[in-house]
**Q** 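Input: one structure, supplied below.
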Amino acid sequence: MREAAPDAQWFMDYRNADGSEAQMCGNGTRVFAQFLCDRGLVDGVEFPIATRAGRKLITRAEHGFRTDLGPWTLSRADEARGRGMDSVVQVVGSPDPLPAISLDLGNPHTVVALPPSISLELLDLSVAPRVDPEPRHGTNVEFVRAIGPRHISMRVHERGVGETLSCGTGAAAAALATWWWAGTPSDELAWRVDVRGGTLMVDIDGGSVGLAGPAQIVAAGQVSLPD
Ligand SMILES: N[C@H](CCC[C@H](N)C(=O)O)C(=O)O
C-alpha cells in the first residue's frame, strides 16, 4: 500500500457491516476526507489517500469532495464484449433472471439495467439477489433505471451488508455500465446518479472515473479494535 501511494499521509481501511473487508468505499473516501479536514490533518485543495485499492486523489469541491477513483475494468471483458452481458441476476420483483455486466472498481460490482416492465421501487432487496455465475469473492449488485440523458436512478444491494441508501463505487459502476451499453459519445461524460440517500455525480474519462458528492459527519464515537 505504501508503494502504491508513496505520497499519501493517510490510509483509509474499510469494513462491511458483517465485518468482511472491502478494498474500497467511494462514499467512505469523502467522509474520510471530511474527517481529515475537520481535524486539520490535511491541507490544500487536493490530497491523496491510500486505500486497499491503491492511491485515490481527493479534491475539495463546492459541496463536498471529488474522488478520483482511477482506472476501472470490465471483470469479464470477453463475455461482456461478445454478448453485452456476462452474468444473470435473479431478484425478487422480476419473474425472470436479468442480464448484467460485471465491473471492477477496486471492488466488484454487477450492474443490471432494468427493463421498463420492472419497477425499480418495487424490487425486494431484503432478499439478496442471486448472481449466476456466482463471483468467487461476492459482489455489490446495482439495479439501474434510465431517467434521461446521462441521468440514472439506482438501488444497490451491497456485499457484506444488504440494501444500502447509497454506494459511491456502485454509482460509478452503474454510470459506467450504462455509458458502455449506450455507446455514449465521448463528449458526454458527466453523469448524475440518484440513489435513495441523495445524488452523486460521476465523471467518466475513458479508462478512469471520478465520483463527487457531499460529505457530512453525523455522529462521533469510539471504536475498539481487537489486538
Ligand atoms: N458503499 C461503498 C462500497 C462498500 C463496498 C462493499 N460493500 C464491498 O465491496 O464489499 C461505496 O460507497 O463505494
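As the structure lists them, so they are numbered: ligands from 1, and atoms in each ligand from 1. In this text, all values refer to a predicted model and were calculated from it rather than measured experimentally.
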**Q** Heavy-atom contacts with ligand 1 below 4.0 Å: which residues, ordered by chain and residue number?
**A** Tyr14, Asn16, Ala22, Met24, Cys25, Gly26, Asn27, Asn107, Asn140, Glu158, Arg159, Cys167, Gly168, Thr169

**Q** Mind checking what makes side chain to side chain donor-acceptor pair (under 3.5 Å) contact with Arg192, not counting sequence neighbours?
**A** His151, Asp194

**Q** Is there a donor-acceptor pair closer than 3.5 Å between any side-chain N or O of Arg52 and the backbone N or O of Glu21?
**A** no

**Q** Are the charged groups of Glu121 and Arg155 less than 4.0 angstrom apart, N to O?
**A** no

**Q** So, do Ser87 and Ser102 sit near enough that their side-chain heavy atoms are less than 4.5 Å apart?
**A** yes

**Q** Tell me whether Asp7 is salt-bridged to Arg55, with the criterion being a basic N under 4.0 Å from an acidic carboxylate O.
**A** yes

**Q** Using modelled atom types only, decide if a donor and an acceptor are shared between the side chain of Lys56 and the backbone of Leu69 within a distance under 3.5 Å.
**A** yes

